[in-house]
Undergrad: 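Below is the structure I would like to discuss, written out as structure tokens.
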2 protein chains.
Amino acid sequence: MRLTERNLKETGREYALRMLKENIINLDLIPGSMLSENELSAEMNLSRTPVREALIELSKVKIVEVYPQKGSAVAFVDYELVEEARFMRDVLEGAVVELACRMATEKDISDLRENVRLQEFYMENRFPDKLLELDNEFHQMLFHITSKDQVYHLLDSITIHFDRVRRMSLAVVKDLKTISDHKEIVEAIAAKSGEEAKRLMEKHLSRYKFDEEALRKEYPGYFK
Amino acid sequence: MRLTERNLKETGREYALRMLKENIINLDLIPGSMLSENELSAEMNLSRTPVREALIELSKVKIVEVYPQKGSAVAFVDYELVEEARFMRDVLEGAVVELACRMATEKDISDLRENVRLQEFYMENRFPDKLLELDNEFHQMLFHITSKDQVYHLLDSITIHFDRVRRMSLAVVKDLKTISDHKEIVEAIAAKSGEEAKRLMEKHLSRYKFDEEALRKEYPGYFK
DNA sequence: TTGCGGCAACTAGTATACCAGTGCTTGACA
DNA sequence: TGTCAAGCACTGGTATACTAGTTGCCGCAA
């Protein structure tokens with residue numbers, strides 16, 4: 001486990017959750033490895049209670065498996081779940097971006113444009129972390145504009161399966177195409193052309209395809 | 001709180017969760033009322049720990065609000081959230097039923113037909129509870145057929161907002177139309193006509209419309 | 001009568017203690 | 001040497017104890 005500082009006014013449970021998620025995504029906690037509530041709580045300077053609550057939450061989306069009286073483990077990569085995450089994302093984002101064409105205000109659109117401008121800036125200046133953050137924010141904004149925040153949160157919870165595989169494929173390329181995709185989407189929203197926006201979103205999301213067989217070969221033992 | 005027996009091999013947390021959900025949906029726990037971890041645990045013969053874990057889970061989908069150091073409360077009806085639940089259901093079920101046309105095996109289709117047959121049986125013999133159960137099962141089957149079980153679970157978690165309003169509108173009519181809808185959907189799947197199935201599902205789900213203003217008048221104080 | 005200070009009674013969050021299972025190790029016996 | 005059983009060391013689940021923060025009430029003073 002690689003730990004970072006505990007934020008101020010973050011409860012122990014939130015901290016444990018954040019740490020676990022980060023370490024699962026970046027593979028510091030390797031798929032299949034056992035997690036001990038005792039070890040984790042010692043490591044994070046917490047008692048078992050908040051750690052346990054975090055583990056329960058992660059087990060809800062099957063990224064952690066809890067075997068009563070035996071132990072908990074980081075779930076193996078389950079391609080079915082990765083597909084579910086992708087499916088959910090494709091379907092919901094498509095619908096949301098279409099809605100956004102009808103609901104976005106002038107301010108929303110200029111906020112989106114501002115976000116894309118920042119993406120370009122951080123791309124030029126090579127800030128990959130910041131870029132990823134802005135990417136996520138871009139998509140979240142679309143849900144917020146259409147008053148679908150809760151939907152976003154649910155989607156976010158399952159997306160961890162997707163993120164972990166993305167990390168494995170090192171497909172954090174975040175190249176110029178991503179940004180120009182975003183740009184086109186914003187302009188489609190501004191033009192209020194729902195069909196076009198949806199089509200662009202589908203094209204955008206289809207860039208994230210992983211070769212399951214290749215990954216299985218590269219990371220044997222990580223898969224279910 | 002109206003309590004039922006605790007199932008065998010059900011953990012305290014699962015029991016507490018089930019009881020809370022049931023009582024929230026059927027309005028025995030009225031929107032806005034305070035929930036005390038201490039009272040609840042005494043009432044259910046549990047300690048605070050499992051009750052607390054159940055409350056945390058419910059607060060994730062905003063059906064329970066937790067105010068740190070002050071108390072928890074059943075959330076008021078928030079029409080935004082009801083709309084989010086409806087949106088998510090419409091979008092995902094539409095996509096799933098379309099997928100089912102491509103993926104359903106002969107066995108799946110005969111299972112679906114069997115489910116609908118049972119619905120007809122329980123309709124004739126007036127078993128509204130059983131009918132509701134079969135209805136839910138029908139929809140769940142579609143997700144299972146298309147290997148989208150986890151998506152179903154996430155959808156299910158937000159649907160509680162929808163269910164509570166449905167209960168308020170007493171729209172548990174479960175009339176013949178519902179069953180004939182199901183029948184048509186199954187046949188569209190059998191015929192592998194995706195477009196048709198999707199259209200039918202949209203028609204089916206559109207039957208659940210509530211008159212927000214009327215409900216607000218009937219249940220003042222239940223709304224946010 | 002009104003305003004204000006302090007205390008009592010709550011809360012959620014966390015820590016700790018206890019219990020009932022599980023599986024692995026170890027050692028005795030065939 | 002192989003086998004099997006007893007025990008031990010772990011687990012997650014639950015109960016309980018403790019802490020710190022909030023609210024509101026009660027009584028006293030102006």
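Values below: every heavy atom of this structure, side chains too, minus hydrogens, waters and symmetry copies. Chain A is the first sequence line, chain B the second, and so forth, proteins listed ahead of strands; every chain is numbered from 1.
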Undergrad: Classify the nucleic acid contact of Leu46(A) as base, sugar-phosphate or nothing, counting any heavy atom under 4.0 Å across all strands shown.
TA: sugar-phosphate

Undergrad: Rounded to the Å, how far apart are Met44(B) CE and dT14(D) P?
TA: 12 Å

Undergrad: Spell out yes or no: do the side chain of Arg48(B) and the base of dG13(C) have one donor N/O and one acceptor N/O closer than 3.5 Å?
TA: yes

Undergrad: Going by distance alone, is a donor N or O of one side chain under 3.5 Å from an acceptor N or O of the other, for Asp156(B) and Thr159(B)?
TA: no

Undergrad: Starting at atom CG of Leu17(A), determine the distance to atom P of dT14(C), rounded to an integer number of angstrom.
TA: 12 Å

Undergrad: Compute the centroid of each ring, for His144(B) and then for His139(B), and state whether the two points are separated by less than 6.0 Å.
TA: no

Undergrad: dA15(C) P sits how many Å from Glu53(A) CD, rounded?
TA: 11 Å

Undergrad: Report yes if the distance between the aromatic ring centroids of Phe162(A) and Phe87(A) is under 6.0 Å, otherwise no.
TA: no

Undergrad: Nearest whole angstrom, please: distance from the P of dT14(D) to the CD of Gln69(A).
TA: 9 Å

Undergrad: For the atom pair CD (Gln140(B)) and CG (Leu134(B)), what is the distance rounded to the nearest 0.5 Å?
TA: 12.0 Å

Undergrad: When you get a sec, tell me which of dT16(C), dT11(C), dG12(D) is the closest nucleotide to the side chain of Val66(A)?
TA: dG12(D)

Undergrad: Nearest-Å distance, CD (Glu37(B)) to C1' (dC10(C))?
TA: 12 Å

Undergrad: Looking for any heavy atom pair under 4.0 Å, which part of the strands does Ser41(B) touch: base, sugar-phosphate only, or nothing?
TA: nothing

Undergrad: Given dT22(C), dT14(C), dG13(D), identify the nucleotide with an atom nearest to the side chain of Arg13(A).
TA: dT14(C)

Undergrad: Expressed as a whole number of angstroms, how long is the span from Glu39(A):CD to dA9(D):P?
TA: 17 Å

Undergrad: Considering every strand and a 4.0 Å limit on heavy-atom distances, what is the contact class for Ile56(B): base, sugar-phosphate, or nothing?
TA: nothing

Undergrad: Once you round it to whole Å, what is the distance between P of dA15(C) and CG of Asn38(A)?
TA: 13 Å

Undergrad: Determine whether Glu80(B) and Lys148(A) make a side-chain contact, defined as any pair of heavy atoms from C-beta on separated by less than 4.5 Å.
TA: no

Undergrad: What is the distance, rounded to the nearest whole Å, between atom OH of Tyr15(A) and atom P of dA15(C)?
TA: 12 Å

Undergrad: Specify the residue among Pro68(A) and Ser72(B) whose closest nucleotide of DNA chain C lies further upstream toward the 5′ end.
TA: Ser72(B)

Undergrad: Counting only side-chain N and O atoms of Ser47(B), is one of them less than 4.0 Å from OP1 or OP2 of dA15(D)?
TA: yes

Undergrad: Using a heavy-atom cut-off of 4.0 Å across all strands, would you classify Thr11(B) as base, sugar-phosphate, or nothing?
TA: sugar-phosphate

